[in-house]
Amino acid sequence: MKIKAKEKKGTSYVGILIALLILCIVLSITSGSFLTASNLLNVSQQISTNFLIAIGMTFIILLGGIDLSVGSIIAVTGLMMGLMMKSWNMPVLVSLLLGVVFASVIGLVTGLLITGFDLPPFIATLGMMSIARGAAYTITEGQPIYTFPEGFLAITGRYGGIPIVTILIMAVMFAIAAYVLKYTKYGRYIYAIGGNKNCAKLSGIHVKKIECIAYVISGFCCGVAAIVLTSRLDSAVPTNADGAELDAIAAVVIGGTSMNGGEGTLAGTIIGTLIIGIVANGLNLLNVPQGAQRMVKGGIIVLAVIVDVLRRKRSQKA
Amino acid sequence: MSEEYILQMTDITKRFPGVLALDHVSLRVKAGEVHALLGENGAGKSTLMKILAGAYVKDEGEIEVFSRKIELGDPKAAENLGISIIYQELNLIPTLTVAENIFLGRYKMSNRIQVGWKKVYEEAETLLKDLEVDVKGTDYIRDLGIAQQQMVEVAKALSMNAKIIIMDEPTAPLTARETKNLFRIVKKLKESGVSIIYISHRLEEVLEMCDRATVMRDGCTIQELNIADVTMDEIIRLMVGRELKDKYPRIEKEIGEELFRVDNLCAGSKVQNVSFSVRKGEVLCVGGLVGAGRTETVRAIFGLDVKTDGRVFIEGRECAIKNPKDAIRAGIGYVTEDRKGEGLILKLGVDENITLAALDGFLKGIHLNLGKEKNTVKEYVKKLNVKTPSIYQKVENLSGGNQQKVVLAKWLLSECKVLILDEPTRGIDVGAKIEVYNLINELAREGKAILVITSEIPELLGICDRVVVMARGRMSGSLSREEADQESIMTLAVGAEERGKQK
Ligand SMILES: Nc1ncnc2c1ncn2[C@@H]1O[C@H](COP(=O)(O)OP(=O)(O)OP(=O)(O)O)[C@@H](O)[C@H]1O
Ligand SMILES: [Mg+2]
């Protein structure tokens, strides 16, 4: 009994896309300075860190895991790159490459802990969160590193008012990740494992390998995020990206990815990142105090998930 | 007239996105009768029952229970009305005990805040003893086989003391012995005035157990009938809408040299010194009772459980199989008995499920050729006649039988040399069964070695070239197709069991 063929899947983010548009419209009306080029370019820079780590977080949550260590990895990687550039006088490019490798290796260690000892991801990454943050304090004895070389600052510099390089980095990372999720075996396996680990295993998928690689990907994204964040702030301090994991998880969840894994899209995550970033920006423009801002953000996360749960229920029952 | 009918569902309509699952369906059930609900896979049987149990909300239509018009919104309301259901798919919580599952949400309290655990466990034991199942109230669900889990579901449904019990393919995971126990209970319930709505694709059971039947096809009611007035062929014709000639088709084929051999396989206590071989083009059936170690044997072969001893040969070469990946690479395919837990990824689409074990075939470098994938999937959906509104539909939303076809398609696509099928026709309708048998025949003719585990003896006799029987983790005998019959198989399966017990 067919009435019409179901539309191609992967359009579950349409709902939040509409929410995002409404948000933008409301802000354009309430604040005169929201819809200006300079403000929007600011937003794009402000969200860059969260955008990059949320990409890795999407892989992890799709797998049914979680990564709490992302913020700490960014901090310790930022300091490592700072040391390399400033204290050891290494070339900028080499420092950045080694920094990204460093962050990926931390991800690898987390992944090996999870798969090798069957640790719950929550516990393993909670441990790594503390270890990496502790290491960040230790390597420079709490001292910040600042005034970076020109070449490094150029990454987040503005050309004709536009942070071209940052935007380019974000676009490339998104494109690669979206490609991997949709058009590679690896991406398909991520969804399969998140959906049903037993079945994935029976289908000949090397579950542990795939899981491990996902944490490396998350680490890699943190490495890139560390470059962008450190360059933008022109300082590496042990407290950098404190609490960044929560924003990333929030972006993924607002984007409609199920915390149980197996369901979700990268496009959703990106919209989630935009919503979080634009809400923060809007509240700033409207001069809402920090405390109230946090409350609003919490409320939005909960609301987004409620809407998502209701939508899922309806499509199942109705 | 509504005096006579304890339940009347009239003109029920239910739409899902893209699917009209029920189109003005009616169902009338009398007090104290066993009423069969028949129809092909995807006919809408489970959907109708889920509406009755309050799990789905109907779009249109009326429901009358005990001559009272009712609106069912949620499962609790149905339960309070005296309706309980055994769902087609198992719905137990693996980390809780049997007794905790049976009385979930209805624990007897010893006071306002304390659960009377002693009472809960006592009552559970009574129920289980009544069902004659070999399970204790304190066992954890995760440690039980799927037949045992099904019996726990039965116990759960009985524990509600319902007036109407819906059984959606209760016997699918059961073997002869448990089925007999279930029937005994059904008869007892019927005598005490309980009505049972019985869904099954095993028509022999329906003829044996049921008083009346309603036949559905494509979301419509076709006919209400008295079982005593009809023959099996007539029922099949009503269900399928055409005549089905041969229930167990055979084809001309050549049985070649040995292709697959298992030598002295040992794994845990359930598999001891198992040896057998399958030849090219041969269909070898494995008979035995539930718990005989058949599934465990296959799991060990496939690298899911650890082998303590034994070797596996394909085409004369020994294969070191440590995990499913090795097994698939060696050319083994495995259709498991538990399709929801192991066979399918419910949240993914039909397409993604079918190609999961064979993605390498769609790779160009690292790039997955989605267009080619789509075409292949369409071809298999057509070949196996999977009823789905689109190849992107989540398999969660398919009917049970169509889900099973998706699992089969997945392994057909993986191009294995040895195909192991564990209860391959569980929960699929007569027409689809024949399609599966034809497929098995076709694969055998192509020269694959096929191993089928089945607890349905008529099916086993109908499709096998040779039979081996297992009992208590050991091979208890091997029979040629000519030697094999109901009795010889049961003797090997049960005889060894009894002897083992006496020891
Ligand atoms: N939640 C759902 N969303 C979308 N479609 C559904 C859903 N549940 C069932 N369907 C569709 O409704 C139709 C009837 O399904 P139903 O499960 O009732 O069949 P059935 O008669 O029980 O079949 P089977 O014998 O295979 O169990 C099928 O086409 C199925 O794909
Ligand atoms: Mg059904």
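Being a predicted model, the structure only gives us computed values, none of them experimental. Just so it is clear: chains get the letters A, B, ... in the order the sequence lines come, proteins before strands, and each one is counted from 1.
No part of B/Lys58 comes within reach of chain A, as not one of its non-hydrogen atoms sits under 4.5 angstrom from that chain. Looking at B/Phe362, there are no atoms closer than 4.5 Å to chain A (heavy atoms on both sides), in backbone or side chain. Of the two parts of B/Thr336, only the side chain, counted from C-beta on, holds a non-hydrogen atom closer than 4.5 Å to a non-hydrogen atom of chain A. Contact annotation for B/Leu304: only side-chain heavy atoms (C-beta onward) come within less than 4.5 Å of a heavy atom of chain A. The parts of B/Leu356 that come within reach of chain A are both its backbone and its side chain, each placing non-hydrogen atoms under 4.5 angstrom from that chain. Contact of B/Lys364 with chain A is not made at all, since no heavy-atom distance falls under 4.5 Å.
Most heavy-atom pairs under 4.5 Å with chain B: of the set A/Leu202, A/Asn198, A/Thr184, this distinction falls to A/Leu202. For the set B/Asn369, B/Asp360, B/Asn323, the count of heavy-atom pairs under 4.5 angstrom toward chain A peaks at B/Asp360.
The shortest distance between side-chain heavy atoms of B/Asn375 and B/Lys372 does not fall below 4.5 Å. Side-chain atoms of B/Glu40 and B/Val240, non-hydrogen and from C-beta on, do get closer than 4.5 Å to each other.
In the model, A/His206 has no side-chain atom that pairs as donor or acceptor with a side-chain atom of A/Tyr189 under 3.5 Å.
Classification of B/Glu89 and B/Arg339 as a salt-bridged pair holds, one side-chain N sitting under 4.0 Å from a carboxylate O. A salt bridge between B/Asp351 and B/Lys374 is absent, with no side-chain N of the basic residue lying under 4.0 Å from a carboxylate O of the acidic one.
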Using residues 51-67 of chain A as the side-chain source, report each donor-acceptor pair under 3.5 Å to any protein atom, sequence neighbours left out, with the distance given to one decimal.
residue	atom	partner	partner atom	Å
A/Thr58	OG1	A/Ala54	O	2.6
A/Thr58	OG1	A/Thr269	OG1	2.9
A/Asp67	OD1	A/Ser69	N	2.9
A/Asp67	OD1	A/Ser69	OG	2.6
A/Asp67	OD2	A/Ser218	OG	2.9

